[in-house]
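The structure appears below as structure tokens.
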Amino acid sequence: MFKILKPSLLILAAVVAGGAAFRLSTPNTCAQLSADDEIFVLTGDVRRIPFAVKLLDGFPGRRLFIVGAGARTVSGLVPANLMPRIELESESKNTYENALAVREIVLARGFRRIAIITTEDHMNRAMLLVSRELPDTVILACPVALRNMPKGDRIARWTFEYFKYIGTLAGFKRRG
């Protein structure tokens, strides 16, 4: 029986079990936000900005910070009347740079609680990177579901994010 347990099979089993744990540990609903929580959306997926804009409804004190290269393309995604409550940061090009940009904004303004919006497959890694940069800040997860996407594409995205998460845990920061 133990001859079947080859190292490659054990590694495969560990990767599959880790991937399942990664998926199950991901928040699947938005945390309870207070009226004055600042919202940061990490761009890169067309679902994120419209989802974030909806969180401004009924909360005139909330501000939205759109962080990342996609911040340059918000026209048509944000109603004109909400633009005064939205700030754009378009210099960061990957999740690590997004975390650094969020840190700069949070520290400059003295925020104590923020919400991070990104897609559910990206949430664990984004939260890890942002929390490393802001250990004294309360960071709430607000994932955007991957809907209307073929199952194979969702599995591929989750798998890719899982391996990037492992790399992030190992200390790699600069990619994706």
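Both backbone and side-chain heavy atoms feed into the values below; hydrogens, waters and symmetry mates do not.
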Hey, are the side chains of [X] and [Y] touching, using non-hydrogen atoms and a 4.5 Å cut-off?
X    : Y    : result
L129 : V102 : no
V138 : R112 : no
T118 : P143 : no
L134 : L107 : yes

Where do [X] and [Y] come nearest, in terms of heavy atoms and distance?
X    : Y    : answer
R47  : A145 : CD-O, 3.7 Å
M123 : A141 : SD-CB, 3.8 Å
V41  : L64  : CG1-CD1, 4.0 Å
D121 : R157 : OD2-NE, 3.1 Å
R132 : P135 : O-CD, 3.8 Å
T95  : A126 : CG2-CA, 4.0 Å

Side-chain heavy atoms nearer than 4.5 Å, only ILVMFWY residues, links allowed to pass through others: does that put [X] and [Y] together?
X    : Y    : result
L169 : V130 : no
F160 : Y162 : no
V106 : I139 : yes
I117 : M83  : yes
F40  : V144 : no

Spacing of [atom1] belonging to [X] relative to [atom2] belonging to [Y], to within rounding of 0.5 Å:
X    : Y    : atom1 : atom2 : answer
L128 : E133 : CG    : CD    : 10.0 Å
C142 : M127 : SG    : CE    : 10.0 Å
R154 : N148 : CZ    : CG    : 9.5 Å
S25  : Y165 : OG    : OH    : 6.0 Å
I39  : C30  : CD1   : SG    : 7.5 Å

**Asked** If you look only at pairs with a residue in residues 14-39, which of them pass as a salt bridge (charged side-chain N to carboxylate O under 4.0 Å, His left out), with sequence neighbours excluded?
**Response**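 For residues 14-39, and leaving out neighbouring residues, the salt bridge (charged side-chain N to carboxylate O under 4.0 Å, His left out) pairs sorted by first residue read D37-R113, E38-R63.
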
**Message:** Applying side chain to side chain contact (heavy atoms under 4.5 Å, CB included) to I114 and L140, what does each step give before you reach the verdict?
**Reply:** CA-CA 6 Å; I114 63 170; L140 306 167; over 6 Å; no

Is the side chain of [X] donor-acceptor paired with the backbone N or O of [Y] at a distance under 3.5 Å, no angle test?
X    : Y    : value
E97  : L100 : no
E89  : A101 : no
R125 : T168 : no
E120 : L146 : yes

**Message:** Would I66 and I86 count as a side chain to side chain contact (heavy atoms under 4.5 Å, CB included) here? Give the steps.
**Reply:** CA-CA 7 Å; I66 301 174; I86 296 174; 3.7 Å; yes

**Message:** What verdict does the side chain to side chain contact (heavy atoms under 4.5 Å, CB included) test give for L33 and R62, after you've listed the backbone C-alpha separation in whole Å, the side-chain angles of each residue and the deciding distance to 0.1 Å?
**Reply:** CA-CA 10 Å; L33 303 181; R62 276 192 188 154; 3.1 Å; yes

**Request:** Just say parallel, tilted or perpendicular for the rings of F22 and W158, cut-offs at 30° and 60°.
**Result:** perpendicular

**Request:** Using only heavy-atom distances, determine whether the side chains of T119 and R48 contain a donor-acceptor pair under 3.5 Å.
**Result:** yes

**Check: F65 ring centroid to F111 ring centroid under 6.0 Å** = yes

Output a table of donor-acceptor pairs, distance under 3.5 Å, between side-chain atoms of residues 49-57 and any protein atom two or more places apart or on a different chain; print 'none' if there are none.
none

**Message:** What I want to find out is whether R109 reaches E87 closely enough, with some N-O distance under 4.0 Å, to be called a salt bridge.
**Reply:** yes

